[in-house]
Amino acid sequence: MTIQEFFQAHPRAAVAFSGGVDSAWLLHEAARYAEKAAAYFVRTPFQPAFELDDARDTARRLGTDLTVVDFDILTVPEAAANPPDRCYYCKRALFSRLLERAAADGFGCVLDGGNASDDAADRPGMRALRELGVLSPLRLCGLAKGDIRRLAREAGLPVWDKPSYACLATRVPAGTPIARRDLERVERGEGKLMALGFADLRLRLRGEDALLQVRPEQLEQARERLPELEKLLGTDFRHIDLDPVGRVSREV
């Protein structure tokens, strides 16, 4: 199946839009081939503000309406408790809300940006999407992450090389309840580091401390600047450790 054939079979499409490259290219194709397409961004405490900024910018470039649906995911006890399968409860709650809103707007079909590189065994959220009937056209069409980045670049999408950015909840160790304060300090800290030029990084919480993971090519820079970084982040973190291995992307 091609993406064009998918939209011929599903001509009215509501795209769950995160602002990342996968959902951006999916929205590009929906705008191109669907009879009617719209984008929906579910804003929760798990998403940093820049993701919504990117989503708005891309939707504007594509001439597509963007609807922002606010939802406090921390009101879902199973998600806030942060069990190993937290993503299942989170996705089920978020997409249930999105499905309701899309149906009210006349869309019976909701799509997400999951692709053929995603491992279902490692992503409990995919089970929630299957249960809810959410479709993943990129996966159905056999498109892997590398394919999507290439196609997004060819389409002129500015987010074609944007690093994948897992939600802020992934910075909290599984089994540790998620506090709003912790999400906010991770967002502030990672924002400050990105402003210094560090890309595709993670600040993993360790109580009042944090473990900084950067790309291997930025490890030496982070090591040399660690005292400066600790001072910069000192209002939110008592101590910063640097992961000596570096962050390796799982993209295919």
Could you pull out the closest heavy-atom pair between [X] and [Y], with the gap in Å?
{"X": "Ala16", "Y": "Leu98", "answer": "CB-CD1, 3.8 Å"}
{"X": "Ala55", "Y": "Phe17", "answer": "O-CE2, 3.2 Å"}
{"X": "Gly114", "Y": "Ser136", "answer": "O-CB, 3.9 Å"}
{"X": "Pro124", "Y": "Cys87", "answer": "CG-CB, 4.0 Å"}
{"X": "Asp243", "Y": "Leu219", "answer": "O-CD2, 3.3 Å"}
{"X": "Thr235", "Y": "Lys192", "answer": "OG1-NZ, 4.0 Å"}

Measuring only between side-chain heavy atoms, which start at C-beta, is [X] closer than 4.5 Å to [Y]?
{"X": "Glu78", "Y": "Cys90", "answer": "no"}
{"X": "Pro83", "Y": "Tyr89", "answer": "yes"}
{"X": "Val42", "Y": "Thr44", "answer": "yes"}
{"X": "Val21", "Y": "Leu157", "answer": "no"}
{"X": "Met126", "Y": "Asp118", "answer": "yes"}
{"X": "Arg43", "Y": "Glu51", "answer": "no"}
{"X": "Leu168", "Y": "Pro45", "answer": "no"}
{"X": "Glu187", "Y": "Glu184", "answer": "no"}

Pair Cys141-Thr2, side chain to side chain contact (heavy atoms under 4.5 Å, CB included): steps then yes or no
CA-CA 6 Å; Cys141 294; Thr2 66; 5.7 Å; no

How long is the span from the [atom1] atom in [X] to the [atom2] atom in [Y], to the nearest 0.5 Å?
{"X": "Leu203", "Y": "Asp236", "atom1": "CG", "atom2": "CG", "answer": "9.5 Å"}
{"X": "Glu190", "Y": "Phe198", "atom1": "CD", "atom2": "CZ", "answer": "13.0 Å"}
{"X": "Trp25", "Y": "Ile148", "atom1": "CH2", "atom2": "CD1", "answer": "7.5 Å"}
{"X": "His239", "Y": "Leu233", "atom1": "NE2", "atom2": "CG", "answer": "12.0 Å"}
{"X": "Asp241", "Y": "Arg204", "atom1": "CG", "atom2": "CZ", "answer": "14.5 Å"}
{"X": "Trp160", "Y": "Glu154", "atom1": "CH2", "atom2": "CD", "answer": "11.0 Å"}

Are there over 12 heavy-atom neighbours, none belonging to Arg153, within less than 6.0 Å of that residue's CZ?
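No, not enclosed.
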
Sorted by first residue and then second, give each salt bridge (charged side-chain N to carboxylate O under 4.0 Å, His left out) pair with at least one member in residues 84-94; sequence neighbours left out.
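Residue pairs with at least one partner in residues 84-94: Arg92-Glu131.
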
Residues at least two apart in sequence or cross-chain that pass ring pair (Phe, Tyr, Trp, His ring centres under 6.0 Å) with Tyr165, listed by chain then number, are Phe50

Which residues pass the ring pair (Phe, Tyr, Trp, His ring centres under 6.0 Å) test with Phe107, sequence neighbours left out?
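Phe107 satisfies ring pair (Phe, Tyr, Trp, His ring centres under 6.0 Å) with no residue once adjacent residues are dropped.
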
Is there a salt bridge (charged side-chain N to carboxylate O under 4.0 Å, His left out) between Asp22 and Lys145? Walk through the geometry before answering.
CA-CA 8 Å; Asp22 297 327; Lys145 193 73 172 190; 2.7 Å; yes

Whether the side chain of [X] engages the backbone of [Y] through a donor-acceptor N/O pair (distance < 3.5 Å, no angle test) should be reported.
{"X": "Glu230", "Y": "Ile240", "answer": "yes"}
{"X": "Thr58", "Y": "Gly19", "answer": "no"}
{"X": "His10", "Y": "Phe6", "answer": "yes"}
{"X": "Gln218", "Y": "Gly197", "answer": "yes"}
{"X": "Arg139", "Y": "Leu135", "answer": "no"}

Hey, any chance [X] and [Y] share a hydrophobic cluster, counting ILVMFWY side chains that come within less than 4.5 Å of each other, even indirectly?
{"X": "Leu74", "Y": "Val186", "answer": "yes"}
{"X": "Leu211", "Y": "Leu232", "answer": "no"}
{"X": "Leu27", "Y": "Tyr40", "answer": "no"}
{"X": "Phe41", "Y": "Leu94", "answer": "no"}
{"X": "Phe46", "Y": "Leu129", "answer": "yes"}

Side chain to side chain contact (heavy atoms under 4.5 Å, CB included) between Phe237 and Glu208, worked out
CA-CA 6 Å; Phe237 302 98; Glu208 293 303 308; over 6 Å; no

Run Arg223 and Glu228 through salt bridge (charged side-chain N to carboxylate O under 4.0 Å, His left out) and show every step you take.
CA-CA 10 Å; Arg223 187 177 293 112; Glu228 172 194 350; over 6 Å; no

Kindly determine whether Asn82 and Thr176 satisfy side-chain hydrogen bond (donor to acceptor under 3.5 Å, both in side chains), including the steps that lead there.
CA-CA 6 Å; Asn82 197 25; Thr176 300; 5.6 Å; no

Report the residue from Arg61, Arg60, Lys162 that forms a salt bridge (charged side-chain N to carboxylate O under 4.0 Å, His left out) with Asp54.
Lys162

Pair Arg202-Asp200, side chain to side chain contact (heavy atoms under 4.5 Å, CB included): steps then yes or no
CA-CA 7 Å; Arg202 300 287 187 269; Asp200 197 13; 3.8 Å; yes

Leu62 pairs by side chain to side chain contact (heavy atoms under 4.5 Å, CB included) with which of Asp65, Leu66, Thr64?
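With Leu62 as partner, side chain to side chain contact (heavy atoms under 4.5 Å, CB included) holds for just one option, Thr64.
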
Quick one, Lys36 with Asp105, criterion salt bridge (charged side-chain N to carboxylate O under 4.0 Å, His left out). Give me CA distance, side-chain angles, the key distance, then yes/no.
CA-CA 11 Å; Lys36 184 172 177 58; Asp105 293 342; over 6 Å; no

Between Leu229 and Leu193, does the side chain to side chain contact (heavy atoms under 4.5 Å, CB included) criterion hold? Intermediate values first, please.
CA-CA 8 Å; Leu229 302 182; Leu193 294 171; 3.8 Å; yes

